[in-house]
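Nothing fancy with the numbering, it's 1 onward along the sequence.
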Amino acid sequence: MSNSAISAIRLYRRALKLSLDWSVDRAVWRGQALYIRSLFEANRHIREPRQRREILDQTEALLVKWKHPDPYRPPTAPGGSKYERNLVAPILDPPPHMDL
């Protein structure tokens, strides 16, 4: 796989994750995911490196423009609202008896 193909795949995945930040409901997100896929498929036939790089740069700029200010995080993930909420209490043994 070429380097530009790998960067296109990474860019596609970032676009899908970004769209999931804007619409958490999977039924709505699925339509957006299909639209994003169609945009990437429309440019799949381009083989010229300069033209491909230009399209990837434009897509990168578009993703930066549409970045969500407060991206979705699962509640139990780091940064989520329930992260480390119910930790197991540490086992604290009583100190050993000391004879003075």
* Asked: Passes salt bridge (charged side-chain N to carboxylate O under 4.0 Å, His left out), Arg53 versus Asp57? Steps please.
  -> CA-CA 6 Å; Arg53 175 57 33 208; Asp57 290 342; 3.3 Å; yes
* Asked: Would Ile36 and Phe40 count as a side-chain contact (heavy atoms from CB on, under 4.5 Å) if you check the C-alpha gap in whole Å, the side-chain angles of each, and the deciding distance to 0.1 Å?
  -> CA-CA 6 Å; Ile36 291 169; Phe40 275 83; 3.9 Å; yes
Which donor-acceptor pairs under 3.5 Å do side chains of residues 72-83 form with protein atoms, sequence neighbours excluded?
none

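The two residues Leu11 and Glu60 make their nearest non-hydrogen contact at CD1-OE1, 3.3 Å. Nearest heavy-atom pair, His97 versus Asp99, reported as atom, atom and distance to 0.1 Å: NE2-OD1, 3.0 Å. Of all heavy-atom pairs between Arg44 and Arg52, the closest is O-NH2, 4.3 Å. Annotation for Lys67 and Trp22: closest pair O-CZ2, 4.0 Å, computed over non-hydrogen atoms.
Taking a cutoff of 4.0 Å between a charged side-chain nitrogen and a carboxylate oxygen, Glu41 and Arg37 qualify as a salt bridge.
In this structure a side-chain-to-backbone donor-acceptor pair under 3.5 Å is missing from Arg14 to Leu63. Not one N or O on the side chain of Ser23 forms a donor-acceptor pair closer than 3.5 Å with the backbone of Leu20. In this structure, Trp29 contributes its side chain and Leu16 its backbone to a donor-acceptor pair below 3.5 Å.
Asp21 contributes atom CG, which lies 9.0 Å from atom CG of Asp70 (distance to the nearest 0.5 angstrom).
Summarising the local packing, CH2 of Trp66 is surrounded by 12 or fewer heavy atoms from other residues, nucleotides or ligands at distances under 6.0 Å.
Residues Ile46 and Leu56 fall into different hydrophobic clusters, defined by Ile, Leu, Val, Met, Phe, Trp and Tyr side chains chained together at heavy-atom separations under 4.5 Å.
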